[in-house]
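Remember, predicted model here, so these are calculated numbers, not experimental data. Positions are given from 1, in the same order as the sequence printed here.
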Amino acid sequence: MPHHHFHSMLTLIIPVLLLLSTSSAALKFDLYAGVGDGATRCVVRYIDQDTLVVGSFSVSSLESGQDLTVVIKDDSESANQYWKKVNVADGSQKFSFTPHRSAGVHFCFTNKIAEGYQPGPKQKKLINLHVDSGVYAEQIAGETTDKKLRPMERELMNLEQKSKVLLAELDGMRASEESMRDINESTNERIAWFSTLSMISLLGAAGWQVWYLRKFFQTKKIL
C-alpha cells in the first residue's frame with residue numbers, strides 16, 4: 001500500500017464544483033484511514049443563498065479501528081457550519097440545510113486510525129454521497145412530507161417550483177437590462193453634448209473665418 005495513505009497529516013481535497021445550484025449529484029469513493037489528524041477528502045459544491053439542500057451518505061468498512069467525522073460547512077467569510085457528526089458508524093445518514101450565503105459548500109469526510117490500531121490496506125471507508133439542491137431538493141422534501149399526493153398535484157407542485165426558478169432568472173435578466181439601459185442613456189446624453197459642442201465650435205470657426213476674410217478684403221480695399 002502506498003505510503004501516502006498513512007501519512008499523519010494526509011489531506012486530500014477533491015473539488016467538485018457544480019456551478020448550478022439547482023441540481024442533483026452523486027459521488028462514490030474510498031477513504032483510507034490516516035494516523036494523527038487522519039485523512040480528509042472534501043467535495044466542494046457552489047450553492048446559492050437560501051437554496052434548500054437535502055442529501056445522504058452511506059458508509060461501509062472492511063475492518064474496525066477507524067473513526068470517521070463528517071462536517072458540512074461553507075467557505076464564506078462567516079465560515080458557516082451546517083452539519084457535523086463524529087464517530088460515524090457504518091450505515092446511512094441524512095442531512096438537510098439552507099445556506100446563509102452564496103458560497104462553496106464543503107462536504108468533508110475525515111477518517112483516522114483509532115487509538116490502539118495500526119494502519120493497513122483494509123483500513124478504509126467506502127463512502128457514497130448524494131446531494132440534491134433547489135427544485136430537486138424541494139421535490140424530495142415534498143415527497144417526504146406528503147407521499148399521498150395524486151400524480152396531477154405532484155406535477156403541479158413541480159411546475160410551481162420550476163416557475164419560481166424561472167421568475168428568479170427573469171428578475172436577474174430584468175435588472176441586467178435596466179443597468180444596460182442606464183449605461184446607454186448616459187452614453188447618448190454624452191454624445192448629444194459632444195455633438196452640440198462640435199456644432200458650436202464649427203459655427204464659431206466659420207464666423208471667425210468670415211470676419212477674417214471681411215477684414216482682409218477691407219484692408220485690400222476690395223470691399
Side-chain angles (χ1 to χ4, degrees), residues 9-29 31 34 37-59 67-89 91-112 125 127-146 154 157-183:
M9 296 299 291
L10 177 63
T11 301
L12 300 175
I13 305 297
I14 308 298
V16 180
L17 297 178
L18 305 178
L19 298 182
L20 293 178
S21 62
T22 300
S23 59
S24 177
L27 180 67
K28 182 183 293 185
F29 58 90
L31 182 58
D37 292 335
T40 298
R41 183 169 184 176
C42 293
V43 177
V44 184
R45 178 174 182 176
Y46 185 87
I47 300 177
D48 287 330
Q49 178 179 347
D50 297 330
T51 299
L52 177 63
V53 179
V54 298
S56 63
F57 63 88
S58 62
V59 179
D67 292 333
L68 181 67
T69 299
V70 181
V71 178
I72 302 176
K73 58 186 178 181
D74 65 30
D75 56 14
S76 67
E77 294 180 356
S78 304
N80 300 296
Q81 180 174 294
Y82 303 109
W83 199 87
K84 179 178 181 180
K85 190 166 185 178
V86 298
N87 297 327
V88 178
S92 298
Q93 300 281 340
K94 294 183 179 181
F95 56 83
S96 65
F97 61 93
T98 302
H100 306 314
R101 295 286 186 273
S102 296
V105 177
H106 296 236
F107 302 81
C108 294
F109 300 80
T110 300
N111 191 18
K112 67 177 181 178
K125 296 282 188 179
I127 299 171
N128 191 348
L129 173 65
H130 187 94
V131 180
D132 293 291
S133 60
V135 174
Y136 295 94
E138 291 171 358
Q139 289 176 357
I140 293 173
E143 291 172 359
T144 302
T145 55
D146 188 0
R154 192 171 292 133
M157 288 183 63
N158 293 341
L159 290 175
E160 180 184 4
Q161 297 301 330
K162 293 178 180 179
S163 298
K164 289 180 180 178
V165 174
L166 180 60
L167 287 175
E169 293 178 353
L170 289 175
D171 288 338
M173 294 175 62
R174 187 180 299 111
S176 178
E177 180 184 358
E178 291 176 355
S179 176
M180 292 298 296
R181 185 168 61 249
D182 292 340
I183 293 174

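Shown here for V70 and V88, the closest heavy-atom pair between the two residues is CG2-CG2, 3.9 Å. The minimum heavy-atom distance linking L68 with L31 is given by the pair CD1-CD2, 4.3 Å. Taking every heavy atom of both residues into account, P99 and V53 meet most closely at CD-CG2, 4.2 Å. Shortest non-hydrogen contact noted between L27 and V43 is CD2-CG2, 3.4 Å. Across K112 and G38, no two heavy atoms sit closer than the pair CB-CA, 3.4 Å. Shortest non-hydrogen contact noted between S102 and Y46 is CB-OH, 3.3 Å.
With rounding to the nearest 0.5 Å, the separation of CD in Q49 from OG1 in T98 is 10.5 Å. Rounding to the nearest 0.5 Å gives a distance of 9.0 Å between CG of L129 and OG of S58. Note that the OH atom of Y82 and the CD1 atom of I47 stand 8.5 Å from one another [nearest 0.5 Å]. Atom-to-atom distance recorded for R101:CZ and D50:CG is 9.5 Å, nearest 0.5 angstrom. Rounding to the nearest 0.5 Å places OG of S56 at 6.5 Å from CZ of F95.
Counting heavy atoms from C-beta outward, S133 and R45 have side chains that approach closer than 4.5 Å.
A centroid separation of less than 6.0 Å is found between the aromatic rings of F109 and F29.
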Determine whether V105 and I72 satisfy the following criterion, side chain to side chain contact (heavy atoms under 4.5 Å, CB included), listing intermediate values before the conclusion. CA-CA 7 Å; V105 177; I72 302 176; 3.8 Å; yes

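Relative ring orientation between W83 and F57 is described as perpendicular, the plane-to-plane angle rising above 60° on a 0-90° scale split at 30° and 60°.
Legend: residues meeting salt bridge (charged side-chain N to carboxylate O under 4.0 Å, His left out) with K125, ordered by chain and number and at least two apart, are D90.
H130 and N128 share no side-chain donor-acceptor pair at under 3.5 Å.
Partner of S78 under the side chain to side chain contact (heavy atoms under 4.5 Å, CB included) criterion, out of D74, N80, D75: N80 alone.
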